[in-house]
Amino acid sequence: MQSELLIALVGAGSGIIGAGLGMLGGLRQAHAAQAAAERTTHAAHTQWRSSTRRDAAVSFVAAAHEALEAARHTCTQGADRDLTAPNAARRELRKALALVQLEGPDNVAEIAEKIQNDVDSTVLLVTSRHRRFLPKLLLRAAAERGVEEAQAVRREMDRVGPRPIDGALWRALRQTDELTAREVGMLARQHSKRLQDEARSLNAGPATPLEPEGEQEPDPRQRPFAESYQDHRKALREFSAAVRDSLDVPGGAAPAPVGPAEERARELRAVS
């Protein structure tokens with residue numbers, strides 16, 4: 001009787017141990033599956049994040065190039081009042097910058113902010129110059145087409161001497177509709193200022209050279225567009241390199257597979 005009871009107890013203990021080992025094995029498999037799922041999810045998220053950042057950077061570079069090309073076209077478009085392209089390009093560049101700022105990373109967004117500011121300033125400067133010189137371009141185009149009123153004003157503007165242009169000539173030019181009243185007014189003010197500057201220069205006599213007060217910063221408004229254009233293209237290449245570096249950093253890649261020892265340590269911590 002005692003031997004039968006002992007056998008029964010041993011059998012029950014073996015069953016309990018077997019059940020415990022089976023449960024532990026099941027827990028190990030569950031935790032291993034969970035860890036694998038987490039790695040897969042993290043890798044998918046990392047790949048998605050890298051893709052969105054890459055797309056944002058590509059859109060920004062494309063928008064910056066579009067703005068620069070619009071500015072370059074404005075420099076050579078002649079007597080054309082239409083500035084839709086450069087103004088639209090500035091807006092698109094601001095939108096592209098907002099996307100880079102949203103997606104990050106911060107160091108890439110900072111570079112993009114500087115590029116956007118510099119390119120926007122260049123485009124704005126080009127359009128401002130075009131508006132300032134547009135009345136002269138329109139006057140010359142009208143004179144070349146044989147508009148007599150434009151030819152008369154142009155002859156007076158090219159004539160050497162301090163005498164201002166008769167107001168009747170300005171009024172006749174306005175009536176041709178070749179220039180708007182605002183453009184004729186700009187042209188008249190520019191011509192008047194030129195006469196004043198010439199008279200002031202004659203009255204002042206030879207200029208006395210001044211001692212330079214240290215090295216002066218160059219005025220960006222006086223830089224030729226070609227120089228600014230090349231500087232912007234160089235900055236965009238540096239931006240692209242920074243984007244590639246940010247996509248290649250270890251933090252942006254999927255985590256390395258967990259080794260057996262670390263996997264077992266995780267399972268024991270979970271069980272305990």
Side-chain angles (χ1 to χ4, degrees), residues 59-97 112-159 164-165 169-198 216-236:
S59 298
F60 178 78
V61 171
H65 279 297
E66 185 68 24
L68 291 174
E69 290 304 316
R72 184 166 67 172
H73 175 73
T74 302
C75 290
T76 59
Q77 72 181 24
D80 190 350
R81 296 184 177 93
D82 187 11
L83 294 175
T84 303
N87 291 332
R90 292 177 62 205
R91 291 192 296 271
E92 291 301 318
L93 183 57
R94 287 194 292 269
K95 293 179 183 178
L97 172 63
E113 289 168 7
K114 185 178 186 309
I115 291 175
Q116 186 273 335
N117 183 69
D118 292 343
V119 172
D120 187 76
S121 297
T122 295
V123 178
L124 183 60
L125 179 61
V126 168
T127 54
S128 298
R129 285 176 176 170
H130 182 74
R131 289 191 185 97
R132 187 167 67 253
F133 290 111
L134 181 61
K136 290 183 179 179
L137 297 174
L138 293 170
L139 178 68
R140 182 175 64 185
E144 291 174 352
R145 289 198 306 272
V147 178
E148 295 181 359
E149 293 83 354
Q151 292 174 343
V153 170
R154 194 177 182 194
R155 282 195 300 270
E156 290 296 313
M157 292 184 68
D158 292 340
R159 187 170 54 81
I165 297 177
L169 293 179
W170 293 121
R171 289 191 294 272
L173 180 61
R174 279 199 300 268
Q175 293 173 359
T176 63
D177 291 333
E178 294 290 339
L179 283 79
T180 65
R182 180 175 179 273
E183 290 164 347
V184 172
M186 289 177 60
L187 201 59
R189 288 191 297 272
Q190 291 171 1
H191 180 66
S192 177
K193 185 178 182 303
R194 195 195 79 181
L195 295 179
Q196 292 173 4
D197 292 341
E198 290 176 354
Q216 300 294 322
E217 287 289 334
D219 187 348
R221 295 172 299 179
Q222 304 301 325
R223 295 188 63 197
F225 173 74
E227 293 183 10
S228 299
Y229 181 82
Q230 294 302 326
D231 287 346
H232 295 320
R233 288 178 61 87
K234 179 181 178 182
L236 286 170

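- Atom CD of E148 has 12 or fewer neighbouring heavy atoms from other residues, nucleotides or ligands inside a 6.0 Å radius.
- Not counting sequence neighbours, A62 has no partner by the side-chain contact (heavy atoms from CB on, under 4.5 Å) test.
- Although no hydrogens or angles enter the test, the distance criterion places a donor-acceptor pair under 3.5 Å between the side chain of N87 and the main chain of L83.
- Between the side chain of H130 and the backbone N or O of A71 there is no donor-acceptor pair closer than 3.5 Å.
- Counting heavy atoms from C-beta outward, T74 and V123 have side chains that stay 4.5 Å or more apart.
- S192 places no side-chain N or O within donor-acceptor distance of the main-chain N or O of A188, the cut-off being under 3.5 Å.
- Summarising the geometry of L236 relative to I115, their closest heavy-atom pair is CD2-CG2, 3.9 Å, with the distance given to 0.1 Å.
- The line from CZ of R90 to CD of Q116 is 8.5 Å long, rounded to the nearest 0.5 Å.
- Nearest heavy-atom pair, H65 versus R233, reported as atom, atom and distance to 0.1 Å: CE1-NH1, 3.7 Å.
- A search for side-chain hydrogen bond (donor to acceptor under 3.5 Å, both in side chains) contacts involving T84 returns D82, not counting sequence neighbours.
- What you find for V119 and A64 is that their closest heavy atoms are CG1-O, 4.4 Å.
- In this structure, the side-chain contact (heavy atoms from CB on, under 4.5 Å) partners of R155, at least two apart in sequence or on a different chain, are Q151, A152.
- Atom CZ of F225 is separated from atom CG of L125 by 10.0 Å, given to the nearest 0.5 angstrom.
- Annotation: side-chain hydrogen bond (donor to acceptor under 3.5 Å, both in side chains) contacts of T180 (sequence neighbours excluded): E183.
- Contact of the Q190 side chain with the L187 side chain is registered, since non-hydrogen atoms from C-beta on lie closer than 4.5 Å.
- When every heavy atom of E178 is checked against every heavy atom of R81, the shortest pair comes out as O-NH2, 3.1 Å.
- Taken to the nearest 0.5 Å, the CD atom of Q230 stands 10.5 Å off from the NE2 atom of H232.
- Side-chain contact between M186 and F133 is absent, with no heavy atoms from C-beta onward closer than 4.5 Å.
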For side-chain contact (heavy atoms from CB on, under 4.5 Å), just list the numbers for R94 and D120, CA-CA rounded to whole Å, side-chain angles, deciding distance to a tenth of an Å, and then say yes or no. CA-CA 9 Å; R94 287 194 292 269; D120 187 76; 3.7 Å; yes
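- Rounding to the nearest 0.5 Å gives a distance of 10.0 Å between NZ of K136 and NE2 of H191.
- Remark: L195 CG to K193 NZ distance equals 11.0 Å, nearest 0.5 Å.
- Residues that satisfy the side-chain contact (heavy atoms from CB on, under 4.5 Å) test with H73, not counting sequence neighbours, are Q77.
- Pairing each heavy atom of W170 with each of I165, the nearest pair is CZ2-CD1, 3.5 Å.
- R194 CZ to M157 CE: the interatomic distance, rounded to the nearest 0.5 Å, is 6.5 Å.
- A63 and A96 make their closest contact through CB-CB, 3.9 Å (heavy atoms, listed as atom of the first residue, atom of the second, distance).
- By the side-chain hydrogen bond (donor to acceptor under 3.5 Å, both in side chains) test, D231 pairs with R223, sequence neighbours left out.
- T127 has its side chain within reach of L124: a pair of non-hydrogen atoms, C-beta onward, lies under 4.5 Å apart.
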